[in-house]
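The sequence lines fix the lettering, A, B, ..., with proteins before strands; numbering per chain opens at 1.
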Amino acid sequence: MIRDEFASLVARALTDAQAAGDLPAFAAPEVELQHPQRPEHGDYSANLPLRIQSLVRMRAVEIATALQRHLPSHEALAEARVAPPGFLNLYLAPGWVASQAAAIARDGERFATSDRGAGARVQVEYVSANPTGPLHVGNGRGAAIGSTLANVLRAWGYNVEEEYYINDAGTQVAIFARTLYARYQQTFGRDAPIPENGYPGEYVAQVARRIRDEEGDRYLQAEGDEPDPRLGERGIELMLEEIRRDLEAIGVRYSNWYSERTLQAEGGPYHTVLAQMRERGHVVEREGAVWFASSEIGEEKDNVLIRSDGVPTYFATDIAYHFDKLVTRRFDRSLDIWGADHQGHVSRLKAAMRALDASPDGLDVVLYQLVTLKRGDRVVPLSKRAGELVTLADVVEEVGADATRFFFLLPSAGAAMDFDLDLAKRRSEENPVYYVQYAHARIRGILDRAGEAGLSAAGADATLLTHDAEQTLVRRLLLLPEVIETVVGELAPHHLPHYAQDLAQAFHVFYTQCRVVDEQEPELSRARLLLLEATRVVLARTLGLMSISAPDRM
RNA sequence: GCCCUCGUAGCUCAGUGGACAGAGCAGCGGACUUCUAAUCCGCGGGUCGCAGGUUCGAAUCCUGCCGAGGGCGCCA
């Protein structure tokens, strides 16, 4: 991308200036270019002179001038100017900018793809909510972040798999099964109370009714007997069916659903890992429980692996799960998207990977802060255990899948977010996502109109794109690769919806100022149609990376 | 008590070592005989939580304090 090419120009200017004796020899830091806020400061700006002025013992302006003198020429570079207190500002050549409209239109769907990932195998695991209830709003945020990162990594040449880890073992599942059995008995008129700590939500009763309707009383035991374990399993299946459907409704599809139970199978990862940890001396027994002696390898505390009742903890199975990813299944990277309530889990899981020599550097965790759902001023409780709850499906139904995803992606993962349903609903027509989608629909409309007028971009002369609005738009298009690189590097998908809005704005301004279909000016029309095609491609790609639709009309 | 994250315009949020701090929404005022007005143009709005420090330069880094959320050996 052009930023990298310009950066290497500056780096070469530096070494050339040193060779010529205009600058003293020293080990220079890597050249980083930024976009100045003000257009008069150019398209790219090098602050290298300011950063090295104390090393070189020259004034930054003098360093910048030396760099300017040795800067190699480049077809995309119009000029370089020295600006106080010591910036070297680079200006794109308008002719080159215009030519990029043709290049982008030609690249089409391949624009802003890269092979930098070099086929490295990355597994992105996200949502992975307990199958003991419907997905809530917080899960939706994880889904939007995880699936978008997966899309972006794929575009950057990584070999990506998306996985949902099913917590179908352990305490919560057992409680769910007991609750379900109580509800199931109630459908047959028995006075079966919901167990203490059980799930009070109405949805469990709905599952119970469905099972009764479809399978009758086959799971009914004699009064007072233990529930049939198959009932709980059936309930989990039905919950997973619902979860899968809710996720598909916002464009999320997994390559793999991984069951926690299979981890614990005879000879499975759980037993392998526990044996290895014992062998390596990382396990101690105390107070009837089995512990990971993590305090001996730099953690604050030891952590329980097997509870005194013999049941493995979530932590223990999660170690096995990640060992399975990184060692057995040989993923180069395991990228986990977790809610901030799992924050304390990160460092001890990495410690466990270290203890097992299981490439802890391959484990990345993106933590997203929790979502507060609001209706106006009223905070809506999200707890799965509260009786009343607003599910992800409810939100999607109210706001729509595209707007839901866009809203979830907008704030950075590290910032807690308020999701005001009333606001999202009331302003649905002024939603930023519609602003972006409308740009795409408008382009389609113009392309249709051009077709009717017998005009196309074939044989267009891109150099006619000299209008300010045209130049600004192409410059905006050229940013997508930089945005993607940032998203990949920082694992921060929120840059995409912000870019999408900037891009849409540049288009809407162009639309207002520049007439495209004009039979009096067929040459200019052709050039502008080319620009439209390039813009359409980039808009569609940006939306596609967020799994948001790019409509042809609105 | 300790640890993590956050605190930027009335609201929701970008910006995390550069040049005069930005967007959307909300408010006010304009623009449709012209490819979709779900649009565009203009105006007002900020002690960047507070106080120190580092730096040529701090919303950004460091320290302390205040506030919000989350976490802290047998929930997941």
Taking only the [atom1] atom of each, what is the distance from [N] to [M] in whole angstrom?
N	M	atom1	value
rC65(B)	rA23(B)	P	36 Å
rU47(B)	rU55(B)	P	29 Å
rA58(B)	rA51(B)	P	15 Å
rC13(B)	rU8(B)	P	10 Å
rG53(B)	rA59(B)	P	15 Å
rG22(B)	rC43(B)	P	13 Å
rG52(B)	rC6(B)	P	24 Å
rG45(B)	rG57(B)	P	30 Å

Electrostatic pair [X]-[Y], nearest N-O below 4.0 angstrom:
X	Y	value
Arg515(A)	Glu521(A)	no
Arg528(A)	Asp518(A)	no
Glu285(A)	Arg278(A)	yes

For [X], report the nucleic acid contact type (base, sugar-phosphate, nothing); a contact means any heavy atom under 4.0 Å.
X	value
Pro432(A)	nothing
Arg286(A)	nothing
Asn167(A)	sugar-phosphate
Ser45(A)	base
Asp168(A)	nothing
Arg348(A)	base
Arg449(A)	sugar-phosphate
Phe407(A)	nothing
Ala289(A)	base
Val516(A)	base
His495(A)	sugar-phosphate
Ala441(A)	base
Gln437(A)	nothing
Ser308(A)	base

For the side chain of [X], counting heavy atoms from C-beta on, which of [options] is nearest?
X	options	answer
Trp291(A)	rC74(B), rU39(B), rA76(B)	rC74(B)
Val509(A)	rU12(B), rC40(B), rA19(B)	rC40(B)
Gln343(A)	rG24(B), rA38(B), rC3(B)	rC3(B)
Arg51(A)	rG18(B), rC75(B), rC13(B)	rG18(B)

Distance, rounded to the nearest Å, where [X] contributes [atom1] and [N] contributes [atom2]:
X	N	atom1	atom2	answer
Gln505(A)	rG24(B)	CD	P	6 Å
Arg141(A)	rC13(B)	CZ	C1'	11 Å
His136(A)	rA76(B)	NE2	C1'	11 Å
Leu473(A)	rC40(B)	CG	P	13 Å
His498(A)	rA21(B)	NE2	P	20 Å
Glu300(A)	rG1(B)	CD	C1'	12 Å
Met554(A)	rA38(B)	CE	C1'	6 Å
His35(A)	rG18(B)	NE2	P	13 Å

Mate of [N] where both pairing distances stay under 3.5 Å, Watson-Crick or G-U:
N	answer
rA51(B)	rU63(B)
rC43(B)	rG27(B)
rG69(B)	rC4(B)
rA37(B)	none
rC32(B)	none
rC56(B)	rG18(B)

Please confirm whether the shortest side-chain N or O distance from [X] to OP1 or OP2 of [N] is below 4.0 Å.
X	N	answer
Gln37(A)	rG15(B)	no
Tyr511(A)	rA37(B)	yes
His494(A)	rG15(B)	yes
Thr372(A)	rG69(B)	no
Arg442(A)	rA37(B)	yes

5′-ward residue of the pair Thr171(A)/Gln501(A) relative to RNA chain B: Gln501(A)

If you assign each of Leu410(A) and Pro36(A) to its closest nucleotide in RNA chain B, which residue comes earlier from the 5' end? Leu410(A)

Is there aromatic stacking of Tyr435(A) against rG24(B), centre distance under 5.5 Å, plane angle under 30°? no

Centroid distance under 5.5 Å and plane angle under 30°, His41(A) vs rA19(B): yes

Mind checking whether Asp402(A) and Tyr434(A) have side chains closer than 4.5 Å, heavy atoms only? no

A side-chain contact here means heavy atoms from C-beta on lying under 4.5 Å apart; do Tyr321(A) and Glu260(A) qualify? no

Does any donor atom in the side chain of Ser334(A) or Glu125(A) lie under 3.5 Å from an acceptor atom in the other side chain? no

Quick one: which of Asp318(A), Asp364(A), Asp336(A) gives a salt bridge (charged side-chain N to carboxylate O under 4.0 Å, His left out) with Lys325(A)? Asp336(A)

Determine whether a donor-acceptor pair (one donor, one acceptor, N or O, separation below 3.5 Å) exists between the side chain of Asp502(A) and the base of rA14(B). no

Tell whether Arg38(A) reaches the base of rC20(B) with its side chain through a donor-acceptor pair below 3.5 angstrom. yes

Val346(A) meets the side chain to side chain contact (heavy atoms under 4.5 Å, CB included) criterion, sequence neighbours left out, with Trp338(A), Lys350(A), Val365(A), Leu367(A)

Proximity of His508(A) and Tyr435(A) rings by center, below 6.0 Å: yes

Within the side chain of Arg59(A), is there an N or O that forms a donor-acceptor pair under 3.5 Å with the backbone of Gly86(A)? no

